[in-house]
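Read the structure below first, then the notes.
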Amino acid sequence: MNSILALISNQMSAITILPEIIVALMGMILLIAGAVCGARVTRQVGMLAILGMAVAGFVMLCPQRMHFLPMGGQMASFGFRYMFVDDAFARFVKAILLIGSSLSIMLSWYYVEQEESLERPEYPVLILFATLGMMLMVSASDLMSVYVGLELQSLSLYVLAAYRRDDLKSSEAGLKYFVLGALSSGLILYGISLIYGYAGTTNFIALNFGVHHMEHPPIGLIIGVVFVCAAMAFKVGAVPFHMWTPDVYEGAPTPVTAFFATTAGVAALAMFMRMLMEPFSGLAEQWQQIIIFVAVASMLLGSFAGLAQSNIKRLMAYSSIANMGFILVGLAVRSADGIQALLIYLAIYFINTLGVFGVILCLRRNGKMVEKISDLSGLGKTNPLLALTMVLFMFSLTGVPPLAGFFGKYFVFLAAVKAHMVPIAIIGMLTSVVSAYYYLRVIKVMYFDETQQPIDDLPDYGVKIVIGIAAVYVLVFTIYPTPVIDAAAVAMHSLLGG
Amino acid sequence: MPSFPLLSIITFLPLVGVLIIMLFAKSGDNQACSVKLSKAVALITSLVTFVVSLGILCYFNPSDSSFQLMERYVWIPSFNIAYIKGVDGISLWFVLISTFLTPICILSAIGGVKKRVKEFMIALLVLETMMIGMFTALDFVLFYLFFEGVLIPMFLIIGIWGGEKRTYAAYKFFLYTFLGSVLMLVAIFAMVLHVGTTDMTAMMGGKFPMQMAIWLWLAFFMSFAVKTPMWPFHTWLPYAHVEAPTAGSVILAGVLLKMGGYGFIRLSVQMLPEASHYFAPLVMVLSLVAIIYTSLVALAQTDMKKLIAYSSVAHMGFVTLGIFSLNQQGLDGAMIVMISHAFVSGALFLCVGVVYDRLHTREISRYGGMANNMPHYAFMFMIFMLGSVGLPGTSGFVGEFLSLQGAYLANSWYAFIAALGVILGAAYMLWLYRRLFYGPLEKADVKAMPDLNLREYAMFVPLVIFVFWIGIYPATFRDMFAPTVNKIIQDYQAQIKDSTHE
């Protein structure tokens with residue numbers, strides 16, 4: 001490892017982007033391998049994809065690589081003429097992304113093997129490329145590289161959403177996501193062009209410097225930022241740009257929905273954070289109002305609209321809207337504590353949600369997936385262990401201690417109160433009581449209702465591993481939360497210091 | 001000071017039982033065996049926990065009014081959150097009540113619970129951990145963790161093992177209490193940010209400016225008024241009690257309701273003395289309404305459990321009346337009422353459970369004349385009924401008397417009105433007793449009911465002992481908490497004096 005790095009040590013750019021290079025190479029190799037070997041190697045391709053991401057993650061965090069970065073990686077290191085940045089914030093988020101994508105691939109194994117039309121090696125490869133796009137987004141330090149990463153991620157996701165091409169709902173989901181996604185890409189491009197027109201640069205550092213030294217930021221620049229914010233709100237699925245979420249969540253194949261709800265959301269949010277806190281921190285007063293509105297509206301809509309759902313995937317869509325609201329509160333307070341809280345929330349939320357989707361993927365009767373909430377009935381009796389893990393996930397999403405979800409809410413709203421945004425904290429708390437109703441309903445159906453025909457046995461270990469990891473994490477986080485909290489603190493400092 | 005973390009051991013000992021049940025009582029082919037094993041493990045664990053919790057009494061120095069048996073470990077250093085535990089004269093009793101009532105509940109559940117016994121035992125043991133953890137926590141996050149954590153097992157206990165309308169009752173219980181506590185959480189944020197640490201001992205003694213303290217007090221009030229429960233926030237309680245299985249009702253009445261009273265003392269009075277002084281008349285009036293109104297409502301009930309549930313609200317009215325008299329007698333009284341109520345109402349719910357297990361109805365009119373065929377049961381019921389009424393010589397009398405005395409010192413009218421509640425309390429309890437036990441024994445199924453069995457005796461006898469012990473020699477209990485109560489009142493008066501001088 002040392003010698004390879006030494007060879008290219010004069011190439012700073014290559015070192016900063018090394019993890020992405022590994023993921024990209026892996027993706028291309030697997031694409032060829034998949035094309036040659038055909039459908040029967042889907043699982044093996046998936047395993048290799050996970051291996052590739054593990055290697056990328058290891059290389060990203062290994063001290064030998066850090067050694068080549070300025071100040072051992074404590075400072076941001078740039079590559080490609082300040083188009084690309086590698087800092088603690090990017091590493092924190094990328095660690096989440098790599099774990100999330102790996103677990104998403106594990107969730108998909110059994111699912112795609114059950115249907116001939118789905119069992120194709122493209123599936124893990126697409127996830128790999130989507131992850132690559134997300135990693136680029138998170139590390140982008142220029143509006144152009146942001147866009148490149150965003151499109152790579154979006155195009156992979158469009159295909160994934162429509163992956164069940166024989167299925168009407170899946171095709172509809174893919175098309176809907178594509179049309180609206182293209183619209184939001186257009187919005188962001190238009191915003192970027194406005195920003196470039198009024199600020200004369202697309203680079204984050206130059207923008208940051210420029211915006212801070214403007215006495216009166218030109219209105220065109222602000223409009224550009226508003227466009228970018230709107231597009232990003234679309235990508236994270238926040239109100240009022242949330243309309244696609246329930247349909248896409250319901251229509252997309254369940255493992256893809258899991259990927260959307262966790263990894264894709266985390267990447268978009270991280271990019272959102274970097275854009276607002278780095279280049280446009282000088283316009284904080286302007287964008288703060290937007291974020292406050294989006295956060296409060298998402299919390300309210302996600303909590304209330306979720307009450308009427310009968311499909312568990314749609315329910316999770318509204319749950320994710322509400323959670324985006326909670327997360328955006330951390331951004332709306334635009335303080336160091338808020339950013340740290342947000343990162344902690346993300347680190348808890350994504351695993352928690354993956355666990356929920358793991359349980360949803362176990363719901364199969366007579367070889368067919370069932371996804372009505374009422375289909376869970378009697379699970380507490382027929383599958384006690386599975387039901388118990390679902391109880392943990394649901395109470396954690398509700399934010400009931402001693403489960404991990406409580407700490408996410410604790411730190412976010414602590415930051416809100418610290419920033420004197422008590423009304424927002426109170427609204428957030430009250431909406432979490434409202435959303436408690438639908439999380440409790442899942443538990444109620446599993447335990448209080450009459451038993452149905454038991455669900456099929458799940459012969460696959462991939463899903464079980466994911467559920468197990470998530471359940472242990474949700475429980476153990478309370479006992480030993482410091483690693484995540486400290487890592488989030490380091491990431492926060494690197495984002496605000498840069 | 002013991003050289004080992006006694007309080008943590010007591011808190012987490014029940015979880016060891018949970019682990020054993022989960023590992024060894026496999027559901028599946030060998031159902032009867034696993035049920036038996038989980039019953040035995042749960043009972044033994046809870047008994048061991050009780051015995052170990054008596055260790056607190058050995059190490060506790062009653063003349064010292066500060067927190068004792070302190071434990072302090074690093075938890076989340078970057079946010080100044082620590083794992084701090086400790087007991088004083090007040091929390092000590094609640095810990096002991098929790099560890100004492102849990103084995104009795106498990107005994108009752110061994111006979112009463114027929115389905116998913118293993119899960120029920122796990123839920124009860126987890127609940128025990130949460131309760132003990134909450135009463136011994138001295139860090140705000142830890143406190144909140146357990147305070148809210150109680151909701152999880154209790155929601156499941158009501159919802160899975162409850163009666164017909166269990167879903168509604170479980171939801172109502174959960175959402176009501178959750179709503180109250182999230183507001184408290186916002187108040188906790190404000191306090192933590194003001195003081196800079198989550199250490200509860202650092203927040204005591206009026207550190208908050210009046211303007212802020214009023215809002216904090218109201219947020220706490222929302223949470224504890226729901227939990228206690230106080231009129232008009234009590235509407236979840238009758239449902240929860242009626243639908244919960246017997247063991248759930250006992251824990252609910254015996255311990256969970258005390259969380260409200262404990263919270264009022266620990267958080268409202270100790271941390272926000274001036275605001276407590278400011279709002280005391282409000283609480284007193286609400287308590288009086290609760291005492292009179294819920295007693296009248298109790299008179300109109302046809303369901304035994306509902307009647308006892310309303311009587312609980314009335315008794316908790318005496319607790320809040322005593323606490324917010326804000327004098328030594330009142331607080332002493334509140335403490336004794338809480339301890340006594342834990343035994344008496346827990347026992348009354350067990351009594352209901354005894355006949356419910358036999359006849360599966362709680363309608364008072366379905367019974368009658370049971371004194372003839374179930375004399376032992378009638379005798380037990382009478383003792384607890386008299387304890388609830390507050391007959392001199394039973395535990396109820398001492399507490400109510402001191403509470404009324406405290407209220408009298410605050411304002412003689414309060415005491416006058418509250419005393420009317422005592423009369424009403426006697427009325428509905430005696431009438432209940434008459435309808436259940438006297439009159440002709442006509443109904444065939446009632447006639448066929450057997451008297452108490454050995455297991456039921458084992459549940460009642462310890463409770464009877466305590467009802468008389470508190471009634472005849474309350475000093476055993478009072479001596480342990482009096483120095484703490486004394487200090488709380490002194491601190492409070494010093495604070496009020498300071499603020500009026502300013």
Side-chain angles (χ1 to χ4, degrees), chain A residues 337 340-341 344 380-381 384-385 387-388 391-392 394-396 398-403 406-407 409-420 422-434 436-437 439-441 443-449 478-482 484-486 488-489, chain B residues 22 26-28 74-79 81 83 115-116 118-119 122 126 129-130 133 140-152 155-156 158-162 166-168 170-171 174-194 198 215 219:
Chain A
D337 303 279
Q340 187 183 359
I344 297 169
K381 193 138 212 174
L385 203 60
L388 183 69
V391 167
L392 292 181
M394 285 295 138
F395 275 124
S396 178
T398 315
V400 183
L403 301 166
F406 162 71
F407 285 93
K409 293 209 170 89
Y410 178 88
F411 291 121
V412 165
F413 291 117
L414 182 71
V417 173
K418 193 171 182 180
H420 303 288
V422 180
I424 292 186
I426 291 176
I427 293 173
M429 284 300 175
L430 294 180
T431 55
S432 79
V433 177
V434 176
Y437 181 82
Y439 295 127
L440 289 182
R441 198 167 56 152
I443 299 169
K444 174 220 144 199
V445 169
M446 287 193 303
Y447 280 95
F448 307 174
D449 287 2
T478 309
I479 301 167
Y480 189 51
T482 32
V484 175
I485 290 173
D486 290 348
Chain B
M22 279 186 154
K26 287 261 188 296
S27 48
V74 176
W75 188 17
I76 309 177
S78 50
F79 280 85
I81 300 172
Y83 176 94
K115 59 169 190 177
R116 297 198 202 173
K118 179 183 140 190
E119 284 90 344
I122 292 175
V126 171
T129 289
M130 298 290 176
F140 247 138
V141 175
L142 196 66
F143 171 85
Y144 189 80
L145 206 77
F146 289 118
F147 188 83
E148 283 278 279
V150 165
L151 295 183
I152 297 178
F155 174 76
L156 295 175
I158 298 176
I160 300 178
W161 293 276
R166 56 182 193 267
T167 312
Y168 176 76
Y171 271 120
F174 190 97
L175 294 176
Y176 242 88
T177 20
F178 194 49
L179 181 67
S181 12
V182 293
L183 292 177
M184 174 169 88
L185 188 59
V186 178
I188 290 179
F189 290 150
M191 290 170 84
V192 167
L193 292 170
H194 189 80
T198 53
W215 287 105

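So that the names make sense, note that chain A is the first sequence line, chain B the second, and so on, each numbered from 1. What you see is a predicted model, and the numbers here were worked out from it, not measured in a lab.
- Counting heavy atoms from C-beta on, the side chains of A:F395 and B:L151 never come closer than 4.5 Å.
- With a threshold of 4.5 angstrom between heavy atoms, A:P481 approaches chain B through side-chain atoms but not through N, CA, C or O.
- Summarising the geometry of B:I152 relative to A:P401, their closest heavy-atom pair is CD1-O, 3.9 Å, with the distance given to 0.1 Å.
- Heavy atoms of B:L193 lying under 4.5 Å from chain A belong exclusively to its side chain.
- Taking the side chain as every heavy atom from C-beta outward, B:R116 and A:P384 never approach each other to under 4.5 Å.
- For a residue to count as touching a neighbouring chain, one of its non-hydrogen atoms must lie under 4.5 Å from one of that chain's; by this rule A:F413 touches chain B with backbone and side chain alike.
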Name each donor-acceptor pair under 3.5 Å that joins a side chain in residues 142-149 of chain B to protein atoms two or more places apart or in another chain, with its distance.
from: B:Y144; atom 1: OH; to: B:E148; atom 2: OE1; distance (Å): 3.4
from: B:Y144; atom 1: OH; to: B:S181; atom 2: O; distance (Å): 3.3
from: B:E148; atom 1: OE2; to: B:S181; atom 2: OG; distance (Å): 2.4

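- In this structure, the portion of B:L185 lying under 4.5 Å from any heavy atom of chain A is its side chain and not its backbone.
- At distances below 3.5 Å, not a single donor-acceptor pair connects side-chain atoms of B:W75 with backbone N or O atoms of A:T482.
- For the atom pair CZ (B:F79) and CD1 (A:I344), the distance works out to 5.0 Å, reported to the nearest 0.5 Å.
- The side-chain heavy atoms of A:V422 and B:W215, taken from C-beta on, include no pair separated by under 4.5 Å.
- In this structure, CZ in A:R441 is found 12.5 Å from OG1 in B:T167, a value given to the nearest 0.5 Å.
- The minimum heavy-atom distance between B:L179 and A:V433, with the atom names listed, is CA-CG2, 3.8 Å.
- Residue A:I479 touches chain B through its backbone alone, counting heavy-atom pairs closer than 4.5 Å.
- Interface remark: of the candidates A:L403, A:V400, A:I426, A:D449, A:V400 forms the most heavy-atom pairs closer than 4.5 Å to chain B.
- The line from CG of A:L414 to CD1 of B:I188 is 11.0 Å long, rounded to the nearest 0.5 Å.
- At a threshold of 4.5 Å between non-hydrogen side-chain atoms, the residues B:L183 and A:L430 count as touching.
- For a residue to count as touching a neighbouring chain, one of its non-hydrogen atoms must lie under 4.5 Å from one of that chain's; by this rule B:A170 touches chain A with the side chain only.
- Pairing each heavy atom of A:A436 with each of B:L175, the nearest pair is CB-CD2, 4.0 Å.
- Only the side chain of B:S78 comes within contact range of chain A, with heavy atoms under 4.5 Å apart.
- Other residues, nucleotides and ligands contribute more than 12 heavy atoms inside 6.0 Å of the NE2 atom of B:H194.
- Neither the backbone nor the side chain of B:I158 comes within contact range of chain A, judged by heavy atoms closer than 4.5 Å.
- Between B:V192 and A:V417, every side-chain heavy-atom pair lies at or beyond the 4.5 Å cut-off.
- Of the atoms belonging to A:I485, it is side-chain heavy atoms, and not backbone ones, that fall under 4.5 Å from chain B.
- In this structure, chain B has heavy atoms under 4.5 Å from both the backbone and the side chain of A:Y447.
- For chain A, the nearby part of B:Y171 is the side chain; its heavy atoms alone come within less than 4.5 Å.
- Within a 6.0 Å sphere centred on NZ of A:K444, heavy atoms belonging to other residues, nucleotides or ligands number more than 12.
- Residue contact with chain B, scored on non-hydrogen atoms closer than 4.5 Å, involves the side chain of A:F411 exclusively.
- Interface remark: of the candidates B:V186, B:V182, B:V74, B:L156, B:V182 forms the most heavy-atom pairs closer than 4.5 Å to chain A.
- Side-chain rings of B:F189 and A:Y410 approach one another, their centers coming within less than 6.0 Å.
- The six-membered or imidazole ring of B:F155 lies near that of A:F448, with a centre-to-centre distance under 6.0 Å.
- The choice from A:A416, A:A489, A:P402 that makes the most heavy-atom pairs within less than 4.5 Å of chain B is A:P402.
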